[in-house]
Amino acid sequence: MLDIKLIRKEPEMVKESLRKRKSDPSLIDRLLDIDEQRRDNIGKADELKNTRNVESKKIGKMKKEGKDIQPQAKKVREIGDEIKRLNDEIRSLDVEIYEIMSVIPNIPSEKVPPGKDDSENVEVRRWGEIPEFSFTPLPHWDIGEKLDILDIPRAVKLSKTRFTLLKGMGAALERALTSFMLDVQTRERGYTEILPPFLVNPESMLGSGQLPKFEEDLFKCEKYNLYLIPTAEVPLTNYHANEIIDEEDLPLYYSGYSACFRSEAGSAGKDTRGLTRNHQFDKVELVKFTHPDNSYDELEKMLNDAEEILKRLKIPYRVMIICLGDLGFTPVFKYDLEFWAPGQNRWVEVSSCSNCTDFQARRANIRFKSRKGGKPDYVHTLNGSGLAVGRTLAAVLENYQNEDGSVTVPEVLRPYMHGLEAIMMTEAG
RNA sequence: GGAGAGGUGGCAGAGCUGGUCGAAUGCGCGCGACUGGAAAUCGCGUCUACGGGGCAAAACUUCGUAGCGUGGGUUCGAAUCCCACCCUCUCCGCCA
């Protein structure tokens, strides 16, 4: 949600931003028109309410004095009818304003590079050596199948396509990765761990920006009016919804594991194999609530927190800045982390770290205030994956595969795997 | 799921035989006085949103409106009455 005052003040700038995002800039003219009507009506209604309050109080006095209140009551009732009419108008204008406001995307930072789609994202740095194999490295789904730790056909039998099932050491490795990620973020990087609900109400989905525009991407539990979360960003960001945080307490860092559920509408044909794009996956999420003055610095730190996981796993990756055309609805600036997948001979996204500035804070009504007074202001919210667990598992399998079909367990994960050094054919299952 | 009780400001807690209630009181918090400093004490202050005016603008200020779980209704007027929904607590049932 943008600030309506900003739209009033600089409509051309907002329109230009919409044009760049291929949204319809005429929305803004419509919005400003309704906004003016609304304010006009509020002014009229408030004036009438004032009159009503004054006249109404007179009735109280008249009653005490034993006078006939009927003529006065009739007069005030008529004022009330007019107020009711204006209120109805205001309400329908409010609805229309909200409908428009909630589909206007955030205004990208000026630092976002131009570009029409993900092919124009900008690489900022690489870490690690791309490994050389003396054999042809396999994609993770082949590795997983051979080791009998990834069973997709059975997952499909149980559920439907685009669901997966981990077995034996595969499941254990997923758990190890999750614990490792959470331990790093909570014990070393200052995040407070949250294990959130995986089903949330529509208000929460509105707060973080999934609704109303992206309903088709969500799984809904119709009977209970709840949605399965597509990321822990939703519950973590809404954690402070409708609250005013002490300025002294900022920044706040939260990290949480959740299963994530995405309908993947419109992704037919993409990444159909393996762990890369499924309806359900595990993720450790990072969310920050920061002072508006330092959200960009905090984004850099958050990016480093996500990178740290890949560094310790010794998986080569690169950092990308997302260009205008690939940015999405909510963030003003976004980094992606992509690991090198030798079995697929390509880079695969494993994390996104975004600064959403006050866009979500406005929707979810998350503000901060100094104890010493002053007006509350909206916090900035940031979110990032730290990391997507399923894809990280894929990264481990592909980067740590050996010629005999075994997979070496990365050193940092061994404490979480009871010291296991490698997953062998014979140990499968 | 059944029975009952209840949801008031940062917290606790009055008000709930409708008008003078944005709402007593206490705590907390902020500023000031006192003090070598602190505690205690005393004084002042302390919600938010929207709309209009003042200011280049923000801060701020002034006027008005709204808000006592949420949404409707009754009434000239609702924290107070009625309805629906949500939530919390206690007991029972069920259950990992």
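Numbered from 1 within each chain, the chains take letters A, B, ... in sequence-line order.
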Decide, yes or no, whether a salt bridge links E12(A) with K15(A) under the criterion of side-chain N to carboxylate O below 4.0 Å.
-> yes

Describe the nucleic acid contact of R362(A) in one word from base, sugar-phosphate, nothing, applying a heavy-atom distance below 4.0 Å.
-> nothing

Send over the distance from L6(A) CG to A57(B) P, rounded to a whole Å.
-> 16 Å

What is the per-nucleotide protein-contact pattern of nucleotides 60-80 of chain B, from the 5' end, where B denotes a base atom under 4.0 Å from a protein heavy atom, S denotes such proximity for sugar-phosphate atoms only, and - denotes neither?
-> S---BSS-----S-S-BS---

Salt bridge between E298(A) and K301(A), side-chain N to carboxylate O under 4.0 Å?
-> yes

Charged N-O contact under 4.0 Å between K116(A) and E120(A) | yes

Sorted by chain and residue number, the side chain to side chain donor-acceptor pair (under 3.5 Å) partners of E55(A) (sequence neighbours excluded) come out as K58(A), Q72(A), K75(A)

Examine G51(B): is either OP1 or OP2 under 4.0 Å from a nitrogen or oxygen in the side chain of K44(A)? Give yes or no.
-> no

E65(A)/K67(A) salt bridge by N-O under 4.0 Å criterion | yes

For atom NZ of K311(A), is the number of surrounding heavy atoms from other residues, nucleotides or ligands below 6.0 Å larger than 12?
-> yes

Rounded distance in Å - CD1 (I244(A)) to P (G9(B)) | 13 Å

Atom-to-atom span, CG of L93(A) to P of C50(B) - whole angstrom | 17 Å

Scanning all shown strands, the Watson-Crick or wobble mate of C89(B) with both distances under 3.5 Å is G4(B)

